[in-house]
Amino acid sequence: MAKRRFEHRESGRAEPSPEAEKTELQEATERALLVLSGERGYTRTTVAEVLRRSGSNRTRFYSTWTSKEDCFGSAYAAAAEPLAARLLAACDAASDWGTGVAAALTELGRFTAREPSLAAGLLGEVRVAGGTAPARREELVERLARAIDRGRGNSLVSPPPYTARFLVEAIEATAIRSLAMGQPLDEVLPDLLFLAYAYYRGLPEARQAVRRFSVARR
């Protein structure tokens, strides 16, 4: 039986159950760590600052995680998995490979614009944090690379085996740089799309794809 998220008191008002309150506080703490890491950097973010931002306390924190590193690993999984799922869903829903890549890039642009500090913490601080987060990132990069490499099937060119991995890394690095500079990722999405097409379809198709992409966004 699913746990009740709310309990009803005699007044008839729905009150959050202890389980729901605990879950919400954990989510708030994980989010606070990612956001503060994006704002200040992981190494300069203290547990005390995370607790102030989230409204939690040390007892709750250390009853859930063993360390700041452990919390970041949990926070990374909770935020990165849904983001990767949205990017992959955008690819899968498209009518063809190129449209899927464009849709995924657009989704990534929306995420970084909507949650810049969270995105900076998620994308930019994962290697610094250590723990389980880098290994989880590696898994997600491989999944995204496989989606990009679907373009190999109908390609007239023959990209090297590492091309898809290179493209995922390049997109991530560009997003991190844009966030650090306060530049909307939207501004460089056509360049990233051009790069993907150039490797998998050649320069003429890359130019055409960027023109279509730019027209569709007007």
J.: I'd like to know if Glu169 pairs up with Arg127 as an ion pair, taking the criterion as any Lys NZ or Arg NE/NH1/NH2 lying under 4.0 Å from an Asp or Glu carboxylate oxygen.
T.: yes

J.: Is there a continuous path of hydrophobic side-chain contacts, each under 4.5 Å between heavy atoms, that joins Leu36 to Leu25?
T.: no

J.: So, Glu205 and Arg212, do they make that salt bridge, N to O below 4.0 Å?
T.: no

J.: Answer yes if Val157 and Val101 sit in the same cluster of Ile, Leu, Val, Met, Phe, Trp and Tyr residues linked by side chain heavy atoms under 4.5 Å apart, and no otherwise.
T.: no

J.: Salt bridge between Arg44 and Glu125, side-chain N to carboxylate O under 4.0 Å?
T.: no

J.: Which heavy atom of Ala104 sits nearest to which heavy atom of Leu87, and what is that distance?
T.: O-CD2, 3.3 Å

J.: Find out if a path of hydrophobic residues (ILVMFWY) with successive side-chain heavy-atom gaps under 4.5 Å connects Leu123 to Leu33.
T.: no

J.: What are the two closest non-hydrogen atoms of Gly109 and Leu189, and how far apart are they?
T.: CA-CD1, 4.5 Å

J.: Assign the ring pair Trp97 / Tyr200 to parallel, tilted or perpendicular, where the plane angle (0 to 90°) is split at 30° and 60°.
T.: tilted

J.: What's the separation between atom CZ in Arg52 and atom CG in Asn57, rounded to the nearest 0.5 Å?
T.: 13.5 Å

J.: With a 4.5 Å limit on heavy-atom distance, are the side chains of Phe166 and Leu195 in contact?
T.: yes

J.: On a heavy-atom basis, which atom in Arg152 and which in Pro160 lie closest, and how many Å separate them?
T.: NH2-O, 3.1 Å

J.: Salt bridge between Lys68 and Glu49, side-chain N to carboxylate O under 4.0 Å?
T.: no

J.: Please determine which of Ile148, Asp149, Leu192 meets the side-chain contact (heavy atoms from CB on, under 4.5 Å) test together with Leu167.
T.: Ile148

J.: Nearest 0.5 Å, what's the CZ-OG distance between Arg40 and Ser117?
T.: 12.0 Å

J.: To the nearest 0.5 angstrom, please state how far the CD atom of Glu115 sits from the CZ atom of Arg110.
T.: 14.5 Å

J.: Would you call the rings of Trp65 and Phe61 parallel, tilted or perpendicular, taking 30° and 60° as the class edges?
T.: tilted

J.: If we only count heavy atoms from C-beta on, is the Leu140 to Glu81 side-chain gap below 4.5 Å?
T.: yes

J.: Hey, are the side chains of Val210 and Tyr197 touching, using non-hydrogen atoms and a 4.5 Å cut-off?
T.: no

J.: Report the C-alpha distance between Val35 and Glu39 in whole Å, list the side-chain angles of each, state the deciding distance to 0.1 Å, and finish with yes or no for side-chain contact (heavy atoms from CB on, under 4.5 Å).
T.: CA-CA 6 Å; Val35 170; Glu39 293 172 354; 3.4 Å; yes

J.: May I ask you to test the Val188-Ser178 pair for a side-chain heavy-atom distance under 4.5 Å?
T.: yes

J.: How long is the span from the CG atom in Leu83 to the CG atom in Leu108, to the nearest 0.5 Å?
T.: 6.5 Å

J.: Run the side-chain contact (heavy atoms from CB on, under 4.5 Å) check on Phe111 and Leu185 step by step: do they pass?
T.: CA-CA 10 Å; Phe111 169 69; Leu185 184 60; over 6 Å; no

J.: Is there a path of hydrophobic side-chain contacts, each under 4.5 Å between heavy atoms of I, L, V, M, F, W or Y residues, that connects Phe72 with Ile176?
T.: no

J.: In Å, rounded to the nearest 0.5 Å, how long is the span from OG of Ser54 to CD of Gln26?
T.: 11.0 Å

J.: So does Tyr199 have more than 12 non-hydrogen atoms from other groups sitting under 6.0 Å from OH?
T.: no

J.: On a heavy-atom basis, which atom in Thr132 and which in Gly73 lie closest, and how many Å separate them?
T.: OG1-CA, 3.5 Å

J.: Please say yes or no: joined through hydrophobic side-chain contacts below 4.5 Å, possibly via intermediate residues, are Leu179 and Tyr76 part of one cluster?
T.: no

J.: Is any side-chain heavy atom of Val47 closer than 4.5 Å to one of Tyr62?
T.: yes

J.: Which pair of non-hydrogen atoms, one from Leu88 and one from Ala147, has the smallest distance, and what is that distance?
T.: CD2-CB, 3.6 Å

J.: Looking at Arg137, Arg143, Arg136, which one forms a salt bridge (Lys or Arg N to Asp or Glu O under 4.0 Å) with Glu139?
T.: Arg136

J.: Can you see which heavy atom on Leu105 is nearest to which on Ile171, and at what distance?
T.: CD2-CD1, 3.8 Å

J.: Under the side-chain contact (heavy atoms from CB on, under 4.5 Å) criterion, do Leu34 and Glu30 qualify, and how do the steps go?
T.: CA-CA 6 Å; Leu34 289 176; Glu30 290 175 351; 5.8 Å; no

J.: Just how far is it from atom CZ of Arg211 to atom CZ of Phe194, taken to the nearest 0.5 Å?
T.: 10.0 Å

